[in-house]
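What follows is a single structure, written as structure tokens, with notes after it.
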Amino acid sequence: MNQTRTFLLFALLAVAYLLFQQWEQDYGPHPPASAAATTQSSSGEPGAAPVIANGNASAGTAQLITVSTDVLRLTIDTRGGSIVRSELLQYPVTPRTKKDPNPAPIRLLDDGSTDYFTAQSGLVSADGAAPDHRAIFQAAQTSYELTAGQDALNVDLSWADASGMKVTKRYTLHRGSYAIELDQQIDNGSGKTWDGQAYRQLQRADRPAAVYSNFLQRISDQSRYGFFGAVWYSPEDKFKKLDFSDFAKPKEQPPTSQITGGWVGMMQNYFLGAWIPNAKEADSFSTTVINEETGKSHYVIRSVGPQISVAPGQHASSAAQLYIGPKLTDQLGAIAPGLDLTVDYGMLKIFAEPLHWTLAQLEKLTGNWGVAIILLVLLINLATFKLTNAQFQSANKMRKLKPRIDALKERYGDDRQKMQQAMMELYKKEKVNPAAGCFPMLITIPIFYGLYYVLRDSVELRQAPFFGWIHDLSAADPYFVLPVLYTIVMLAQQWMMPVQPGMDPAQQKMMKFMPLMFAVIFLFFPSGLVLYYAVNGICRLLQQWWMMRRADAVPAKAAA
């Protein structure tokens, strides 16, 4: 296997992967317009999934409450005390530029019709009053803000009925944190014991259809390829994903048995919403589909806590955390076990995670992710310097053997078997390894795909600027400078290293078109990935020039 065939394999793999992603997006399975709910009826036993209604809200007038910290701006609806909007103040929708220095922040939770996504919670009881996510709560004020010098902010919502039952929902937000604490406090002022359960759920619509101004913008939008759906974690089954199209499949559902130390969530590219029950609490997880009158479906993943019993005159509480924010690898694991697994690199995790860690350390040194990518290239080239030298030495020897191989072709004509035997004897005699060009590529291909997933799924590199015209290393180069630069580097490598002996005419033609093929492929890839390969190509080109200069300085052996 020579270097040319290896490059061709690499190109075909890249093209096949891009085409597969496009096909999955355009023609892959999509959620049905209608699906049966999967939540089972409650038997009233501890841990069983209760009946949680989805309509017929209690009477009353609801209002919206705004809560602001240094990283979050929430909108809480007093109907149910649900968080219906969340703006991530540190993550703008579009990159910051001179023309637009303050773009609008990402809105993760949103009760809008096109991208419906809300975090709901409540209580249910088989024989007593309980406020679910439709009940009307009361709030002392309509605006809360974390002020300078304040580390935590409490937002209380209260509900009471005529029997004397009182429930207070307390949201606690902390400075610099996307984790929100929820404490549902139950005070039984009635004359009988109250029995019920607390639940938390996330409800959202399917991924809205994106609108693009052109084909290039559409195919280069990496967020289209990330997972969009429900996720959960249990210590027994670990991290699981559930696409919305699989909500109606019984085999795909989360376990209904009691789970301690787990969580449920809704995940998309870069961002996550997750309910995290108390680590010592045994919950049951379930999913359901709500079919709206508009014909659209809302998908729900729910966590239901154990039975709570409150005697008259006593009180109890149910605590949980809600995470609404970016998928930051270094923070998620500290919030809950397995939460860091939502930074999902799939099968390439073994390559992507070390690459991400190395890039993060280099970024801490340089303060720029683009410079970190360049330093990563240099480190990898230093580590593989001897291996690459062996590749170029083998290529130089093959180049010098071309006249003798041409002579073998004339001698054996169309007898390919004898021709191959003679070439193998010649390689053995001259100590040439034709497969030496494959070994560096075995390192290059995993790095290519690993770095692609890091750029696509690591929120730290989202909208990370590099230099000049590149405002987002996770998006395609808007002016195609880097793809053109890499094409020029490939052409220079072809010019410096003539066609290898033994290559058939079809391969020679393919080699000539390879730079153009890579130019087209790299038009749609993240600019950070193209930056890596452009710099890597320049390093290889310089090393190749140096090795050829050394080889030409040594007098060639006389042909036998």
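Note that the coordinates shown come from a computational prediction; the quantities given were computed from them, not determined experimentally. Start at 1 with the first residue, then count along the sequence.
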Kindly say whether [Y] contributes a backbone atom to a donor-acceptor pair with the side chain of [X] at under 3.5 angstrom?
| X | Y | value |
| --- | --- | --- |
| Gln90 | Asp70 | yes |
| Ser527 | Ala475 | yes |
| Asn269 | Arg456 | yes |
| Glu460 | Ala360 | no |
| Asp246 | Leu242 | no |
| Ser86 | Leu109 | yes |
| Trp469 | Val481 | no |

Would Ile83 and Thr118 count as a side chain to side chain contact (heavy atoms under 4.5 Å, CB included) here? Give the steps. CA-CA 6 Å; Ile83 301 180; Thr118 61; over 6 Å; no
Is it true that Lys241 and Asp344 have a side-chain N and a carboxylate O under 4.0 angstrom from each other?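 Here Lys241 pairs with Asp344 in a salt bridge, since their nearest N and O are under 4.0 Å apart.
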Do Arg462 and Asp472 meet the salt-bridge criterion of a basic N to acidic O distance under 4.0 Å?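 A salt bridge is absent here (no side-chain N lies under 4.0 Å from a carboxylate O).
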Quick one: sort the Phe525 and Phe522 rings into parallel, tilted or perpendicular, breaks at 30° and 60°.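 Answer is tilted, since the angle falls between 30° and 60°.
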Tell me yes or no: between the side chains of Ser458 and Tyr345, is some donor less than 3.5 Å from an acceptor?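 Yes.
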Just by distance, no angles: are the side chains of Asn368 and Thr366 close enough, under 3.5 Å, to form a donor-acceptor pair?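 Asn368 vs Thr366: no donor-acceptor pair found between side chains.
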Is any side-chain heavy atom of [Y] closer than 4.5 Å to one of [X]?
| X | Y | answer |
| --- | --- | --- |
| Lys240 | Val231 | no |
| Asp477 | Val530 | no |
| Phe448 | Leu529 | yes |
| Leu72 | Tyr178 | yes |
| Val535 | Ile373 | no |
| Val454 | Leu359 | yes |
| Val300 | Leu202 | no |
| Leu531 | Ile470 | no |

Taking atom [atom1] of [X] and atom [atom2] of [Y], what is their separation to the nearest 0.5 Å?
| X | Y | atom1 | atom2 | result |
| --- | --- | --- | --- | --- |
| Leu173 | Ser68 | CG | OG | 9.5 Å |
| Ile324 | Leu88 | CD1 | CG | 8.5 Å |
| Tyr533 | Ile521 | OH | CD1 | 11.5 Å |
| Ile538 | Tyr486 | CD1 | OH | 11.0 Å |
| Arg207 | Phe227 | CZ | CZ | 9.5 Å |
| Ile447 | Leu348 | CD1 | CG | 12.5 Å |

Apply salt bridge (charged side-chain N to carboxylate O under 4.0 Å, His left out) to the pair Arg204 and Asp115, showing each step before the final yes or no. CA-CA 7 Å; Arg204 84 174 305 174; Asp115 193 16; 3.5 Å; yes
Minimal non-hydrogen separation, [X] against [Y], with atom names:
| X | Y | result |
| --- | --- | --- |
| Leu339 | Ala274 | CD1-CB, 4.2 Å |
| Pro103 | Arg96 | CD-CG, 3.7 Å |
| Phe228 | Asp206 | CE2-C, 3.8 Å |
| Lys327 | Thr342 | NZ-O, 3.1 Å |
| Cys539 | Leu378 | SG-CD2, 3.8 Å |
| Gly450 | Leu355 | C-CD1, 3.8 Å |

Take Glu363 and Leu461, measure what side chain to side chain contact (heavy atoms under 4.5 Å, CB included) needs, and give me the verdict at the end. CA-CA 10 Å; Glu363 191 274 336; Leu461 284 110; over 6 Å; no
As a quick check of understanding, evaluate side chain to side chain contact (heavy atoms under 4.5 Å, CB included) for Met266 and Phe244, giving each step before the final call. CA-CA 10 Å; Met266 291 282 190; Phe244 288 151; 3.8 Å; yes
Decide if atom CD1 of Ile350 counts as having more than 12 heavy atoms of other residues, nucleotides or ligands within a radius under 6.0 Å.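 Atom CD1 in Ile350 is not packed in, count stays at 12 or less.
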Mind running side chain to side chain contact (heavy atoms under 4.5 Å, CB included) on Tyr323 and Leu332 for me, showing each step along the way? CA-CA 9 Å; Tyr323 184 86; Leu332 293 176; 3.5 Å; yes
Residue pair Tyr233, Phe239: steps toward the ring pair (Phe, Tyr, Trp, His ring centres under 6.0 Å) verdict: CA-CA 5 Å; Tyr233 175 86; Phe239 178 66; 7.8 Å; no
